Number of protein chains: 2
Amino acid sequence: MATIKQVAKHANVSVATVSRVMNKSGYVSEEAKEAVEKAIAELNYAPNRVARSLYKKSSNLIGLIMPDITNPFFPQLARAIEDVANQHGYQVVLCNTDEQLEKEQTYLVALQTMHVDGLIITTNHSHNPNYETLDLPMVALDRIVKAGIDAVISDGYEGGKLAADTLLQRGATRLTHIAGPDHLKTVKRRTEGFVEVAGDKLVGMTESTFTFKDALKASQELFDHAWPFDGIFAANDVIAAAVLQEAVRRNIRVPEELQVIGYDGIELGEMTSPPLTTIVQPIYEMGRMATERLLDLIEKKDTQPKEMLLPVTLLERQTTKRKEK
Amino acid sequence: MATIKQVAKHANVSVATVSRVMNKSGYVSEEAKEAVEKAIAELNYAPNRVARSLYKKSSNLIGLIMPDITNPFFPQLARAIEDVANQHGYQVVLCNTDEQLEKEQTYLVALQTMHVDGLIITTNHSHNPNYETLDLPMVALDRIVKAGIDAVISDGYEGGKLAADTLLQRGATRLTHIAGPDHLKTVKRRTEGFVEVAGDKLVGMTESTFTFKDALKASQELFDHAWPFDGIFAANDVIAAAVLQEAVRRNIRVPEELQVIGYDGIELGEMTSPPLTTIVQPIYEMGRMATERLLDLIEKKDTQPKEMLLPVTLLERQTTKRKEK
DNA sequence: CCTTGATATGTAACCGGTTACACATTAAGA
DNA sequence: TCTTAATGTGTAACCGGTTACATATCAAGG
């Protein structure tokens, strides 16, 4: 690969002039500019980003820290982030932490020493010392790290209420719920909203992680102990899919005997039988906003911490009944 | 962040000595070593990877080029790659190209100018000029780029035969198939294997992309035109899920009336109702092997091009009948 | 005692960009 | 015509590491 020196020699100017035309900075004569552009084209030159990074202390890299890209909620987020980053000339470094503090810490130093310009974090323990001392632009996505760090989240509380409302309106009278992991504040809000509206119609509740296996186990327990019920809200779509599968296995008709609502709006919901009714959070949009916000932070456009709460909507597919008039 | 100079001053040695103890190279007295280690610990020093990259022309970064991480086959691959890379001190840069040559080209220069050490490619057009001139270690994963470039793929041909065999053995007599996109050689092999064994039992066949929407459309067409049939092999699990959903919608009992086999072994297959029987390729293993191979290439351990063909297995869940004795 | 090789350490060049600064030329304004 | 500011360009320092090379000390062998 050609270097700036070779370009300079080829164009009969100094490296400073080459740098100036590339960065459109300082004064350059029309003549010199053309010569440099010609040389760049002829040598197929592209500036070495590593060298630039070293001086500028900025790499045009952003770190994306998530628990596990294998969890079907995250790829869409990653996609949005990558799209926006790329449009602005940034690349993203993928980090799966499995929510392990130690892995996270290792990544954090790796990312810092490679001078990433910012971080998007979709992982947290309620108290994570790793981030608190970190002096790097960052935004939390779908998680809340701590006050003072920007966050983009969906309105889980309203989502939970909407789920209960919908179930009740469609004639359900005995509601149940499978909550998500206890340490995720954003997920807890869904449960709170649901419980509030469900009131004394709530006849059973359990808890599960977001893996399908665990969700299946939780579903079985719920069916074993709380049956009969005719409406269920799952803390996310994976859990809802497990509920659905277990219902089918038990020959419970959905939605006639049991109505099911999930949360997230991932593609998986389209693929179940019947397709899943769910509370959709605008996943791609959330990724987009988080990234744009991060880029603003990096370019110091706005340093006032913000929390962005996005509205959710009901997507009626076929695990709920038609609306009663 | 501290620099090597500060560490040197703090330990009362030169930067060269500091560098030597960090890299365990050259001669260093026990005394100096201890002083340096103490200084490193006290200043919480970690070497600047950008500076190191500039001199070494190696960044410990690998580029991962895939069509779309949102396609449920890829996250598991990405996860495996990231795991292995990380264990060896490498990070991965995620690139979604949507199979667009132009996007790919843009990424390629970005990746080159940031001096990534290697590439894993899971995307291709049968003839992609971008890679042919590229002088960078790379391995193709689940795709074949061209002879001379290492590839890790699963045995689609055997997989197709296995699917047909299984269907036939379980009493199916009228087989159909939904093939994948025509330009993917590895996917075509599945079809070839299936068709060969199915022989004159094959009563219908169509083609689809790997998006659920398209797959649903293809399924509907197949049901409209080729019904009745009692065994179907889909080129991947997403297509199989679409077939399943359409079958349920048409009140066709699975597996009693129609047996379905997919290909891939992604988690989604577990979540359908009933759970999907499928030909599983060892996805994580493939990602692992590709990455290990790439790292070998980077470290010049072995430069003889190789193609690794991994065996597939049948995972019997509930869309096929029990084996007849 | 002298030579030699192993051990130990520091100085400075280098990687490939960016930019402060010095210097030269030219045009405009007084 | 003289001053001043705008324009144009090159040299060299700098970013933070790595390493070639020079230099120094010391122990072993002849």
Side-chain angles (χ1 to χ4, degrees), chain A residues 1-40 43-61 89 109-117 299, chain B residues 1-40 43-61 89 109-117 299:
Chain A
M1 203 130 251
T3 71
I4 197 173
K5 259 186 208 157
Q6 291 166 22
V7 173
K9 181 180 282 184
H10 200 274
N12 251 311
V13 297
S14 72
V15 294
T17 300
V18 176
S19 183
R20 284 187 196 106
V21 344
M22 286 195 307
N23 298 300
K24 299 188 204 316
S25 67
Y27 294 111
V28 182
S29 67
E30 193 54 34
E31 207 185 342
K33 191 178 162 215
E34 273 165 26
V36 168
E37 278 166 354
K38 184 154 161 280
I40 288 178
L43 297 179
N44 195 10
Y45 170 74
N48 183 326
R49 278 173 62 175
V50 177
R52 180 178 277 170
S53 288
L54 181 57
Y55 187 91
K56 298 277 216 133
K57 295 174 185 323
S58 148
S59 58
N60 276 37
L61 245 29
V109 336
L111 293 173
Q112 275 187 287
T113 58
M114 73 209 295
H115 276 281
V116 296
D117 293 333
E299 285 153 21
Chain B
M1 228 179 195
T3 70
I4 197 173
K5 261 187 208 157
Q6 291 166 22
V7 174
K9 181 180 282 184
H10 200 274
N12 251 312
V13 296
S14 72
V15 294
T17 300
V18 177
S19 182
R20 284 188 195 104
V21 345
M22 285 195 308
N23 299 299
K24 300 188 200 317
S25 67
Y27 293 110
V28 182
S29 67
E30 193 55 35
E31 208 184 343
K33 189 177 161 216
E34 273 164 27
V36 169
E37 277 165 355
K38 185 154 161 279
I40 287 177
L43 297 180
N44 195 11
Y45 168 74
N48 183 326
R49 277 173 63 177
V50 178
R52 180 177 276 170
S53 288
L54 181 57
Y55 187 91
K56 298 277 215 130
K57 297 176 183 322
S58 146
S59 58
N60 276 37
L61 245 28
V109 335
L111 257 17
Q112 274 187 290
T113 59
M114 73 209 293
H115 276 280
V116 297
D117 293 334
E299 286 153 20

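Order of the sequence lines sets the chain letters (A, B, ...), proteins ahead of strands, with each chain counted from 1. Keep in mind that what you see is a predicted model, and the values were worked out from it rather than measured.
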Is the side chain of B:S19 donor-acceptor paired with the backbone N or O of B:V15 at a distance under 3.5 Å, no angle test?
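Not a single qualifying donor-acceptor pair exists.
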
Expected output: side-chain A:S53 to main-chain A:S58 donor-acceptor under 3.5 Å
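Yes, because the side chain of A:S53 sits within donor-acceptor range (under 3.5 Å) of the backbone of A:S58.
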
Of the nucleotides [options], which one has an atom closest to the side chain of [X]?
X: B:S29; options: C:dG16, C:dT9, C:dG10; result: C:dT9
X: A:A51; options: C:dG10, C:dG17, D:dG16; result: C:dG17
X: B:Y55; options: D:dG17, C:dG17, C:dA8; result: D:dG17
X: A:V28; options: D:dT9, D:dG17, C:dG17; result: D:dT9
X: A:K56; options: D:dT9, C:dT18, D:dT19; result: C:dT18

If you look at every strand shown and take non-hydrogen atoms under 4.0 Å, does [X] touch a base, only sugar-phosphate, or nothing?
X: A:K57; value: sugar-phosphate
X: B:R49; value: nothing
X: A:M1; value: nothing
X: B:S19; value: base
X: A:V50; value: nothing

Rounded to whole Å, how long is the line connecting atom [atom1] of [X] with atom [atom2] of [N]?
X: B:E31; N: C:dT9; atom1: CD; atom2: P; answer: 7 Å
X: B:H115; N: D:dG17; atom1: NE2; atom2: P; answer: 18 Å
X: A:K9; N: C:dG16; atom1: NZ; atom2: P; answer: 14 Å
X: B:Y27; N: D:dT23; atom1: OH; atom2: P; answer: 19 Å
X: A:E34; N: D:dG8; atom1: CD; atom2: P; answer: 13 Å
X: B:N23; N: D:dG17; atom1: CG; atom2: C1'; answer: 9 Å
X: A:R20; N: C:dG16; atom1: CZ; atom2: C1'; answer: 17 Å
X: B:Q6; N: D:dC15; atom1: CD; atom2: P; answer: 11 Å

Is any side-chain nitrogen or oxygen of A:T17 closer than 4.0 Å to OP1 or OP2 of D:dG10?
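So the side-chain polar atoms of A:T17 do come within 4.0 Å of the phosphate oxygens OP1 or OP2 of D:dG10, strictly under.
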
When every non-hydrogen atom of B:D117 is compared with those of B:K57, the smallest separation belongs to OD1-O, 4.4 Å

The test is side chain to side chain contact (heavy atoms under 4.5 Å, CB included); show your working for B:V13 and B:E31 and say whether it passes.
CA-CA 11 Å; B:V13 296; B:E31 208 184 343; over 6 Å; no

Between B:S14 and A:A46, which residue's closest nucleotide on DNA chain C lies nearer the 5′ terminus?
B:S14

Using the side chain to side chain contact (heavy atoms under 4.5 Å, CB included) rule, take A:M114 and A:L111 through it: C-alpha gap first, then chi angles, then the decisive distance, then the call.
CA-CA 5 Å; A:M114 73 209 295; A:L111 293 173; 4.0 Å; yes

